[in-house]
Participant: 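Mind having a look at this structure? Questions to follow.
So that the names make sense, note that chain A is the first sequence line, chain B the second, and so on, each numbered from 1.
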2 protein chains.
Amino acid sequence: MASTRKIELADALALGPNWRHLCYVMLYAPNPGVLFGGHILLNYSVLMSMRFDGRLGFPGGFVDDNSPTLEEGLSKELLQKLGEGVSTFNIVSTDYRSSLIEITSKVVAHFYVKCLTLEQLQAVEAGAPLAKDHGLEVLGLVRVPLYTLQDGVGGLPAFLDNSFIGVAREQLLEALQDLGILAPGTVSDLKGRIVQLKQTLKLIRSRAERT
Amino acid sequence: MASTRKIELADALALGPNWRHLCYVMLYAPNPGVLFGGHILLNYSVLMSMRFDGRLGFPGGFVDDNSPTLEEGLSKELLQKLGEGVSTFNIVSTDYRSSLIEITSKVVAHFYVKCLTLEQLQAVEAGAPLAKDHGLEVLGLVRVPLYTLQDGVGGLPAFLDNSFIGVAREQLLEALQDLGILAPGTVSDLKGRIVQLKQTLKLIRSRAERT
């Protein structure tokens with residue numbers, strides 16, 4: 001979404017019938033696993049999906065008008081995008097985090113965060129290749145590396161250099177900070193990296209336009 | 001791998017015991033599916049994996065010294081990285097494509113390309129979440145979008161903007177061209193995009209060093 005701003009949920013729900021509501025969710029679970037013989041503690045697993053457009057994002061989609069609540073609409077979308085593995089949990093109103101409005105396209109995007117057990121998260125992964133939209137709108141599910149390797153780049157910093165849809169990258173970092181999964185200092189360093197990346201891409205684009 | 005050059009397979013195999021051999025494979029299958037009600041023909045599905053370091057690459061790994069051939073070593077690695085779904089096919093010597101040598105680290109990397117049926121590829125995807133290395137060295141499998149959406153960026157161009165390990169991005173494009181999956185003109189345009197992106201990243205790095 002091009003130019004977005006935050007909006008309160010109540011205001012978003014009062015927008016009227018000409019607006020479309022997009023819902024997506026960060027599914028995550030505590031994970032006691034370790035990498036490289038214990039040198040890295042995983043702590044958590046967080047899921048994102050590779051979208052049909054080659055960008056990473058959170059699973060979800062447009063809620064249809066027949067859904068009585070946003071959460072039910074989101075659950076329906078998840079079933080289609082991620083398959084039967086999502087039937088072990090319900091998205092509820094307390095999983096809601098924030099909404100963004102994009103006035104030109106008349107779209108409101110609602111972001112949810114859902115804590116699962118590791119077994120539930122694994123069931124989502126196992127079911128995903130059999131989902132209706134697999135290989136079409138969803139090209140695969142990936143876990144987000146939450147650690148930084150010794151070289152200071154591999155892991156989360158390199159992951160954040162990937163292509164993301166809209167503000168998914170920023171929402172990932174903010175959610176990880178709010179949930180206490182990442183320390184505020186780490187998030188602020190990573191955000192600095194993203195700003196620098198965006199500025200340089202902008203510079204290159206304006207150079208390309210001039211030539 | 002930092003500075004690499006091509007090497008003939010026979011020369012690579014004669015390097016001696018101090019060298020480590022890395023093998024990886026592009027698994028792909030013809031796919032008659034369509035996206036968006038037939039507006040986009042999929043033609044093929046190609047698999048890549050999200051690695052522990054947050055970068056995309058081809059599945060594979062270091063071949064252990066006990067493997068009688070590179071192909072058997074690669075198959076062993078695939079079983080560990082991708083799970084039981086790989087047992088429906090064998091990697092054979094005719095799947096071999098090219099090798100790269102990295103002198104400083106004494107590593108030779110061998111690239112294979114394997115054509116599967118769509119059912120075999122789906123079996124790999126279905127088995128992957130249960131693989132030994134899933135959630136550890138491998139964070140997920142994704143299909144590569146081989147089309148370009150109407151905006152000229154979404155699809156393969158945006159996918160190529162992601163983070164890739166070593167020369168995986170270039171190998172993907174070359175393989176797609178050699179197999180006739182992408183037209184040479186398309187590949188040349190996409191390569192131009194990558195060169196521009198790499199220059200951008202170099203600029204970012206040099207700026208970061210100056211501050």
Participant: Examine distances only and state if a side-chain atom of S163(B) and a backbone atom of A158(A) form a donor-acceptor pair shorter than 3.5 Å.
Facilitator: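 Confirmed, S163(B) side chain pairs with A158(A) backbone.
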Participant: Which heavy atom of G54(B) sits nearest to which heavy atom of P145(A), and what is that distance?
Facilitator: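 Closest heavy-atom pair between G54(B) and P145(A): CA-CG, 3.9 Å.
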Participant: With a 4.5 angstrom heavy-atom cut-off, could you sort out which part of V34(A) is near chain B: side chain, backbone, both or neither?
Facilitator: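 Interface part for V34(A): backbone (N, CA, C, O).
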Participant: For the candidates L56(A), T148(A), L47(A), V142(A), which exhibits the highest count of non-hydrogen atom pairs separated by less than 4.5 Å from chain B?
Facilitator: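 Among the listed options, the one with the most contacts to chain B is V142(A).
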Participant: About how many Å separate CD of E125(B) and CG of L130(A), when rounded to the nearest 0.5 Å?
Facilitator: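 Output value for this atom pair is 9.5 Å.
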Participant: Are more than 12 heavy atoms, taken from residues, nucleotides or ligands other than Q150(A), located less than 6.0 Å from that residue's CD atom?
Facilitator: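 Open: at most 12 neighbouring heavy atoms sit under 6.0 Å from CD of Q150(A).
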Participant: Evaluate the side-chain proximity of V153(A) to R55(B): yes if any heavy-atom separation is below 4.5 Å, no if none is.
Facilitator: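 When only atoms from C-beta onward are counted, V153(A) and R55(B) do touch, with a gap below 4.5 Å.
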Participant: Carefully, step by step, assess Q122(A) and H134(B) under the rule side-chain contact (heavy atoms from CB on, under 4.5 Å).
Facilitator: CA-CA 10 Å; Q122(A) 287 164 336; H134(B) 177 70; over 6 Å; no
Participant: When the ring centroid of Y147(A) is compared with that of F52(B), is the distance short of 6.0 Å?
Facilitator: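 Ring-ring flag for Y147(A)/F52(B): false, centres at least 6.0 Å apart.
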Participant: Hey, could you give me the CG/CZ distance between L136(A) and R143(B), rounded to the nearest 0.5 Å?
Facilitator: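 The distance works out to 7.5 Å.
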Participant: Side chain, backbone, both or neither: which part of L42(A) has an atom under 4.5 Å from a heavy atom of chain B?
Facilitator: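 For L42(A), the side chain is the part near chain B, not the backbone.
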Participant: Dump the intermediate steps for side-chain contact (heavy atoms from CB on, under 4.5 Å) on N162(A) and M50(B), then the final yes or no.
Facilitator: CA-CA 11 Å; N162(A) 284 302; M50(B) 179 59 77; 3.9 Å; yes
